[in-house]
Protein chains: 2
Amino acid sequence: MTDPATAKGRRARGPSPAKTAATRRALLDAALHTFLEYGFADTRMSDVAKRAGLAKGTIYRHFDDKTALFGEVLRTIMAGAAAGSALPRPRAEEHTGDFLRRAVLPMLAQLQASGMIAVPRLVAAEGPRFPELAAVYRRVAIEPVLRIIRVYARRAERRGELRSEGLSQMPILLAAPVVVATLWNGLFASDGQLEVTAVFSAWIDLVFGNSTAR
Amino acid sequence: MTDPATAKGRRARGPSPAKTAATRRALLDAALHTFLEYGFADTRMSDVAKRAGLAKGTIYRHFDDKTALFGEVLRTIMAGAAAGSALPRPRAEEHTGDFLRRAVLPMLAQLQASGMIAVPRLVAAEGPRFPELAAVYRRVAIEPVLRIIRVYARRAERRGELRSEGLSQMPILLAAPVVVATLWNGLFASDGQLEVTAVFSAWIDLVFGNSTAR
DNA sequence: AACTAAAATGACCCGTTGGTCACTTTAGTC
DNA sequence: GACTAAAGTGACCAACGGGTCATTTTAGTT
């Protein structure tokens, strides 16, 4: 587009673009954690700035307003999640229940460790006030997951591993227990946390049969 | 305590207590619907008043502040729900899956028709900011439901209808699909609503087996 | 070292809204 | 119909917090 000389000359003075990007990242990270902890309404722009070690005004050099910041936070998260998703394939004769355990449990553990597992809860809580964002989240995060579930639901149905054909038509059933466990943990933070992996495992047992006593 | 004459004399002038109670009910009802639609933070006290056909100041003659109003709304809902819950019993040889369909589906349909099915979503969204309320909700609404689920999960396990013993240990698995469907409907209000009863029915099929082809 | 453009700052502004209270209206009692 | 206690009212207040912008700091260039 513009020739290199112009581009170089244009950026002749002032801090490097890398530094700018780093500031932006710091703000997004601080915002994510603050939003997760307090929700949108109870998040103070000044708190986000403080957490990032910056002044409130700085936020507005990178984002139009609070809503835009929230949107960028979610967009960034989704982009990162999409990048880091690489599901293994089931082995030829592997029982689909075993495969799901093998594939999904480590992923859940990682999500839990990184704190990212709370994101769906944030979306569920704030989504109604940001319908466009909810729609993006659905398209970018939810639908792909449902599509994958549908693939393996079909496989399990083909192999006669399930008691009904319902799962491929309603793939959300497979994800529901994980979502609810996450909500639970957000609601009752202090007392009686649910181990998300244990919930999922019990769910697989119930639907596909316990692996030991199949 | 106080003798009747005193009590009567004390209330000798001014509007009747019945009228007061009606006002209170109108406010609670208006508040419930406004909270359900906008959430706690985006609910304006003036809007609640307007919806109830009263002035804002009137709210403060019945409730200490916004938080107290929210709490009373939830407490009232819970009391009402607890009162109106009468589950039938399974017939002697009835398959537990059939029984659950028979017992739960009408209840879900009724909850959906009355709009009360959105309450869990409200609690999930606002709960983290009101931990005591979340705890009350858990004790009054969630735990009783889980207890009932556990009873029928045990029955099903005893009768060999399930593929694992997990359900009685993790009764939340039964409720999860309904909760998630409700969240979904709140998030994507305009497009692709889920029929909660259909979701529950598919769940039963998957876990207990389809009633036609058992 | 001087220069300067971009980045960062934070005191300030101002709209919004929860909550107050002096006043008005309502409805039982005598 | 006069009396009065409770219910209801809505203009008003104060605080809070999102967003602005004149000023200062930073760092690449010459």
Side-chain angles (χ1 to χ4, degrees), chain A residues 2 4-28 30-31 34-35 37-73 126 129-130, chain B residues 2 4-31 34-35 38-73 126 129-130:
Chain A
T2 49
T6 305
K8 208 171 195 174
R10 180 183 293 252
R11 178 150 308 300
R13 311 289 146 84
S16 69
K19 172 125 194 173
T20 303
T23 298
R24 187 187 159 89
R25 244 178 290 123
L27 284 170
L28 285 173
T34 315
F35 282 135
E37 186 166 354
Y38 298 106
F40 181 81
D42 285 2
T43 285
R44 307 280 151 254
M45 295 301 266
S46 54
D47 289 344
V48 172
K50 188 179 291 181
R51 180 163 199 149
L54 294 164
K56 190 173 66 166
T58 305
I59 299 176
Y60 293 91
R61 299 191 48 73
H62 295 263
F63 308 95
D64 282 352
D65 55 21
K66 194 182 181 182
T67 303
L69 174 62
F70 186 72
E72 283 304 303
V73 164
E126 309 293 351
R129 264 168 281 191
F130 302 98
Chain B
T2 47
T6 305
K8 208 170 194 173
R10 180 184 293 253
R11 177 150 307 301
R13 311 288 147 85
S16 70
K19 172 126 193 171
T20 303
T23 298
R24 186 188 160 89
R25 244 177 292 123
L27 284 171
L28 285 173
D29 185 70
T34 315
F35 282 135
Y38 297 106
F40 181 82
D42 286 1
T43 285
R44 307 279 150 253
M45 296 301 268
S46 54
D47 289 344
V48 172
K50 187 178 291 179
R51 180 162 200 150
L54 294 163
K56 190 174 67 165
T58 305
I59 299 177
Y60 292 90
R61 299 191 48 72
H62 294 264
F63 307 95
D64 282 352
D65 54 23
K66 193 181 181 182
T67 303
L69 175 62
F70 186 71
E72 284 304 303
V73 164
E126 309 294 350
R129 265 169 280 190
F130 302 98

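All chains are named by letter (A, B, ...) in the order of the sequence lines, taking the proteins before the strands, and each is independently numbered beginning at 1.
B:R129 CZ to B:E126 CD: the interatomic distance, rounded to the nearest 0.5 Å, is 5.0 Å. Here the straight-line distance linking atom CG of A:L28 with atom OG1 of A:T23 works out to 11.0 Å at 0.5 Å rounding. From B:R61, atom CZ reaches atom CG of B:L27 across 11.5 Å, with rounding to the nearest 0.5 Å.
Residues of residues 57-70 of chain A that place a heavy atom closer than 4.0 Å to DNA chain C, in numerical order, are A:G57, A:T58, A:R61, A:H62. Contact check of residues 42-52 of chain A against DNA chain D (heavy atom, cut-off under 4.0 Å) returns A:T43, A:R44, A:M45.
Applying the 4.0 Å criterion to OP1 and OP2 of D:dG8, one finds that B:T23 has a side-chain N or O inside that range.
The minimum heavy-atom distance between B:K66 and B:F40, with the atom names listed, is NZ-O, 2.9 Å.
Residue pairs satisfying the ring-ring contact (aromatic ring centres under 6.0 Å, His included) criterion with at least one member in residues 41-67 of chain B, sequence neighbours excluded, are absent.
In the displayed structure, A:F130 atom CZ is contacted under 6.0 Å by more than 12 heavy atoms of other residues, nucleotides or ligands.
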For nucleotides 12-14 of chain C, list the nitrogen or oxygen atoms of the protein found under 3.5 Å from its nitrogen or oxygen atoms, one pair per line.
none

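Taking B:D64 as the reference, B:A68 meet the side-chain contact (heavy atoms from CB on, under 4.5 Å) condition, with sequence neighbours excluded. Every residue meeting the side-chain hydrogen bond (donor to acceptor under 3.5 Å, both in side chains) condition with B:E72, not counting sequence neighbours, appears here in chain and number order: B:R24, B:R75.
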In a table with atom names and distances, give each donor-acceptor pair under 3.5 Å that connects a side chain of residues 43-57 of chain B to protein atoms at least two apart or in another chain.
{"residue": "B:T43", "atom": "OG1", "partner": "B:T34", "partner atom": "O", "Å": "3.3"}
{"residue": "B:T43", "atom": "OG1", "partner": "B:G39", "partner atom": "O", "Å": "2.7"}
{"residue": "B:R44", "atom": "NH1", "partner": "B:A41", "partner atom": "O", "Å": "3.3"}

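Regarding A:L54, its CG atom lies at a distance of 20 Å from the P atom of C:dA6, rounded to whole Å. Atom-to-atom, OH of A:Y38 to C1' of D:dC16 comes out at 17 Å; the value is rounded to the nearest Å.
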